[in-house]
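Report on the structure given below.
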Amino acid sequence: MRNGGRISAAIEVLTDVLERHQPVKTAMRDWGKSARYAGSKDRAMVSGLVLDALRKRNSVAYRMDDTSPRALVLGTLGFAWGWDLDQIDAAVGDEHGPVPLTPDERARLAGEPDLGAPLHVQGDFPEWMTPMMARVFGDDVAAETQAMAMRADVDLRVNTLKVDAEKAAFPLKSANAEPSRLLHNAFHIPAKDPSEREASLESIPAYSKGWVEVQDAGSQIAAAAANAQPDEQVLDYCSGGGGKTIALASQMKGKGQIFAYDIDGKRLSALIPRLKRSGATNVQLVHPSEPVQLETLTGLMDCVFVDAPCSGTGTWRRRPDSKWRIKQGQMEKRMAEQTEILASAAAFVKPGGRMVYATCSFLMEEAEDRVAEFLEAHPEFTEEDAAAAAVASGLLTDEGANVVQRFRMPTGSVRLTPHRAGTDGFFFAVLRRA
């Protein structure tokens, strides 16, 4: 395919996402079925263009004075990808490209950005969230949210149940992986140009052997705050896909016992092949269809890890379509669920034990507010220094330790963001039972 055909395809896919409310993956899959002729480079450019148009949706639409999929794609080429008018002209002039630029589009593409644009335009987030952003970031709203509109890097966690970081390094060279600056047993793969195809990590032998797991550095640091020990009893209360379950098993050197529970039985079952690949033998699945099994753990856990369902604002770099689907009513529902989950999970913490509350959200409404509400209702718990807990795990580098200590909140919790730490948005707190 030539660039004109790729641009037309991106407009088609983006139309399905914005006007037919399809997830990006579904829209790309449907387009791919109808475009069997498209190669891997074609699909990479179409996908990259659609995702960047979603990441920059507000700012591009503002400069183009047009919210249509065509305007978003053309504006993304000019403002985010740096194409000049000659490049865009040549592409849209192709026989498979969209119709030529209008005089107004040409003028808009040649214009300068408006430095006085509203915050939700500068930061590319829903306008109704402006008070939430101002509350958590103050004068840094624009810088913080602009970093969330960039393409995300890839982080890998070394599975020390099978291999050490030195041995894992060699096979990861083919993926341009470099040692993480934040974590000892981790690697970092810088994001590629959005028009280039991403390397398939599944094709790397180190992945298929279970030597590494894909896990954002922020998520790894949150798991480190559990500081799980080999002889402990641990409950991963919202295990989901099991990324943190396996990270905890690695911390515990395969000893002690981890119970992985999730209210979604299908997601929990999907953890089985990951466990086999990882070699973690101290993990026991607790299926929601067997509530008695969960009840037997009441008051016995040294550590309960709660990676609560949330708005997912911290993952906007990876799932840019999700930020335009989030609604205020959904936020309120999530907050109520978090309150309920925290109260339920607390019952499994033994006297003297601890609970780690984490969310892949940077919003105070899903973070400090929920912790404060929980502590008020449960005076037997107190908040501890989550940064110190993460450092005590021994998993953080000196720079990683400096980052968590720098972004420790007054009460002890930690908030990481792409702008602050180069990670996804994450919040975590450690709560100790008397």
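Just so you know, these numbers come straight off a predicted model, no measurement behind them.
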Enclosure of [X] [atom1] (heavy-atom neighbours >12, cutoff 6.0 Å):
X	atom1	answer
Met150	CE	no
Arg406	CZ	no
Ile263	CD1	no
Glu178	CD	yes
Arg277	CZ	yes

Item to check | Short N-O contact, Asp66 and Arg108, less than 4.0 angstrom | outcome: no
Close side-chain approach of [X] to [Y], heavy-atom, < 4.5 Å:
X	Y	answer
Trp316	Ser322	yes
Met148	Pro418	yes
Arg29	Lys25	no
Leu183	Asp155	no
Thr76	Val50	no
Leu182	Leu396	no
Leu248	Gln251	yes
Asp94	Asn3	no

Checklist entry - Out of Phe137, Phe427, Phe426, which residue meets the ring pair (Phe, Tyr, Trp, His ring centres under 6.0 Å) rule with Phe362? => result Phe137
Checklist outcome for this item: Only residue of Asp52, Asp424, Asp124 satisfying salt bridge (charged side-chain N to carboxylate O under 4.0 Å, His left out) with Arg317 is Asp424
Checklist entry - Only one of Arg274, Lys244, Lys162 clears salt bridge (charged side-chain N to carboxylate O under 4.0 Å, His left out) with Glu213; which? => result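 When Arg274, Lys244, Lys162 are each tested with Glu213, the salt bridge (charged side-chain N to carboxylate O under 4.0 Å, His left out) holds only for Arg274.
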Next on the checklist: How long is the straight-line distance from CG of Leu271 back to OG of Ser239, given to the nearest 0.5 Å?
Outcome noted: 6.0 Å
Next on the checklist: As an exercise, state the distance from CG of Asp321 to CG of Leu54, rounded to the nearest 0.5 Å.
Outcome noted: 6.0 Å
Quick check: closest heavy atoms across [X] and [Y], and the distance to 0.1 Å?
X	Y	value
Arg318	Asp153	NH1-O, 2.9 Å
Ser361	Glu366	OG-OE1, 2.7 Å
Asn282	Gly254	CB-O, 3.3 Å
Met409	Arg420	CE-NH1, 3.9 Å
Val73	Leu14	CG2-CD2, 3.9 Å
Asp16	Ala27	CB-CB, 3.9 Å

Indicate whether the side chain of [X] and that of [Y] have a donor and an acceptor atom separated by less than 3.5 Å.
X	Y	result
Glu373	Thr339	yes
Thr417	His419	no
Thr26	Gln22	no
Asn185	Thr160	no

Item to check | Parallel, tilted or perpendicular: ring planes of Phe125 versus His120, cut at 30 and 60 degrees | outcome: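 If you compare the ring of Phe125 with that of His120, the planes turn out perpendicular.
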Any donor-acceptor N/O pair, [X] side chain to [Y] backbone, under 3.5 Å:
X	Y	result
Ser34	Trp31	yes
Arg151	Lys192	yes
Asp262	Leu268	no
Arg334	Pro309	no

Checklist entry - Is there a salt bridge (charged side-chain N to carboxylate O under 4.0 Å, His left out) between Glu365 and Arg135 once you walk through the steps? => result CA-CA 10 Å; Glu365 288 78 5; Arg135 183 186 178 205; 3.2 Å; yes
Next on the checklist: Tell me whether Arg370 forms a cation-pi arrangement with Tyr357, defined as NZ or CZ under 6.0 Å from the six-membered ring centre and within 45 degrees of its axis.
Outcome noted: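 No, a cation-pi geometry is absent between Arg370 and Tyr357.
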